[in-house]
Amino acid sequence: MITYFLLFDPFGYAISPVSLVSVSLAAWVYMRGLVRSARIRGTVSMWRQALFLAGLTCILAATNAPLASLGHSLFSVHQVEHLLLRLAGPLLFAVSQPWRLLQAGLNRRWRRYLDALGKSFAFRFLAHPVTATVALPFNLRRDAFGGNFCP
């Protein structure tokens with residue numbers, strides 16, 4: 001009986017090290033940006049911090065156990081994963097407005113690189129609200145039909 005409890009793993013093999021590392025890295029950069037920006041601009045509201053961390057939690061919940069393992073066998077759980085990854089997580093990130101804090105958390109070389117990338121024509125064109133709104137239905141259709149986009 002004792003060996004059963006020692007060997008019992010409630011999450012199975014469904015914990016993704018890639019998602020754990022990437023979410024941990026994003027949280028670390030965000031916290032570093034909070035500390036740096038607090039010295040310059042003052043503190044950020046607790047609501048924005050909580051919304052960003054809730055978005056990271058949505059990503060972790062959708063990509064790790066138990067949802068990841070159940071998503072392979074239950075369609076409803078698979079759709080919950082999609083809702084967390086495509087709707088709840090990005091919405092929480094957008095409302096928390098973490099861009100300046102994430103940028104402040106990076107070192108100077110990465111900040112300059114992202115600044116140059118943000119000023120490029122291609123990035124500004126793709127980030128424009130009209131372009132993003134027009135591209136959204138095409139992206140959803142491509143994902144719904146397995147990536148085979150046929151107009």
Side-chain angles (χ1 to χ4, degrees), residues 4-37 43-107 110-111 113-151:
Y4 173 75
F5 286 116
L6 291 177
L7 297 176
F8 178 69
D9 186 8
F11 298 111
Y13 296 105
I15 293 181
S16 170
V18 174
S19 68
L20 288 175
V21 168
S22 57
V23 167
S24 299
L25 181 66
W28 178 75
V29 170
Y30 184 78
M31 293 300 173
R32 187 175 173 198
L34 275 174
V35 171
R36 283 185 175 181
S37 68
T43 60
V44 177
S45 70
M46 291 298 291
W47 284 106
R48 286 178 55 190
Q49 296 175 32
L51 289 172
F52 181 78
L53 294 176
L56 290 179
T57 305
C58 285
I59 291 175
L60 278 178
T63 57
N64 290 304
L67 289 181
S69 56
L70 287 175
H72 294 295
S73 58
L74 295 174
F75 182 71
S76 59
V77 176
H78 180 74
Q79 291 305 312
V80 169
E81 288 178 319
H82 280 280
L83 287 174
L84 287 173
L85 285 174
R86 293 182 179 192
L87 185 68
L91 180 66
L92 291 169
F93 287 140
V95 172
S96 71
Q97 301 173 350
W99 325 124
R100 294 288 178 199
L101 294 173
L102 288 171
Q103 194 174 18
L106 296 172
N107 64 17
W110 279 98
R111 284 196 306 258
Y113 173 73
L114 288 176
D115 190 41
L117 182 67
K119 291 180 182 177
S120 70
F121 173 76
F123 187 80
R124 285 185 293 129
F125 176 74
L126 291 174
H128 194 275
V130 174
T131 308
T133 304
V134 170
L136 179 65
F138 292 107
N139 187 29
L140 292 177
R141 181 170 182 251
R142 178 189 57 83
D143 289 341
F145 294 111
N148 297 328
F149 181 74
C150 300

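Residues forming a side-chain contact (heavy atoms from CB on, under 4.5 Å) with Ala88 (at least two apart in sequence, or on another chain): Cys58, Leu84. The side-chain contact (heavy atoms from CB on, under 4.5 Å) test applied to Leu83 returns Leu87, not counting sequence neighbours. Remark: Val35 pairs with Arg39 by the side-chain contact (heavy atoms from CB on, under 4.5 Å) rule, at least two apart or across chains. Partners of His78 under the ring-ring contact (aromatic ring centres under 6.0 Å, His included) rule, at least two apart in sequence or in another chain, are His82. Remark: Arg111 pairs with no residue by the side chain to side chain donor-acceptor pair (under 3.5 Å) rule, at least two apart or across chains.
Nearest heavy-atom pair across Ser37 and Val44 is OG-CG2, 4.4 Å.
To the nearest 0.5 Å, atom CG of residue Leu114 and atom CZ of residue Phe123 are 8.5 Å apart. Here the CZ-CG distance, from Arg86 to Leu91, works out to 15.5 Å after rounding to the nearest 0.5 Å. Taking CG of Leu67 as the start and CG of Leu74 as the end, the distance is 10.5 Å to the nearest 0.5 Å. Atom NE2 of His128 sits about 9.5 Å away from atom OG1 of Thr133, to the nearest 0.5 Å.
A side-chain donor-acceptor contact under 3.5 Å links Arg36 to the backbone of Leu106. In this structure, Thr131 contributes its side chain and Phe125 its backbone to a donor-acceptor pair below 3.5 Å.
Residue pairs meeting the salt bridge (charged side-chain N to carboxylate O under 4.0 Å, His left out) criterion with at least one partner in residues 119-133, sequence neighbours excluded, are Asp115-Lys119. Among pairs with a residue in residues 44-57, none fulfils side chain to side chain donor-acceptor pair (under 3.5 Å), at least two apart in sequence or across chains. Applying the side chain to side chain donor-acceptor pair (under 3.5 Å) rule to pairs touching residues 90-101 yields Arg100-Gln103, sequence neighbours excluded.
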Would you give me the side-chain donor-acceptor pairs under 3.5 Å for residues 17-31, sequence neighbours excluded?
| residue | atom | partner | partner atom | Å |
| --- | --- | --- | --- | --- |
| Ser19 | OG | Ser16 | O | 3.0 |
| Ser19 | OG | Thr63 | OG1 | 3.3 |
| Ser19 | OG | Asn64 | OD1 | 3.3 |
| Ser19 | OG | Asn64 | ND2 | 3.2 |
| Ser22 | OG | Val18 | O | 2.9 |
| Ser22 | OG | Ser19 | O | 3.2 |
| Ser24 | OG | Leu20 | O | 2.6 |

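At a threshold of 4.5 Å between non-hydrogen side-chain atoms, the residues Leu102 and Phe52 count as touching.
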(Q) Run Phe93 and Ile59 through side chain to side chain contact (heavy atoms under 4.5 Å, CB included) and show every step you take. (A) CA-CA 11 Å; Phe93 287 140; Ile59 291 175; 3.6 Å; yes
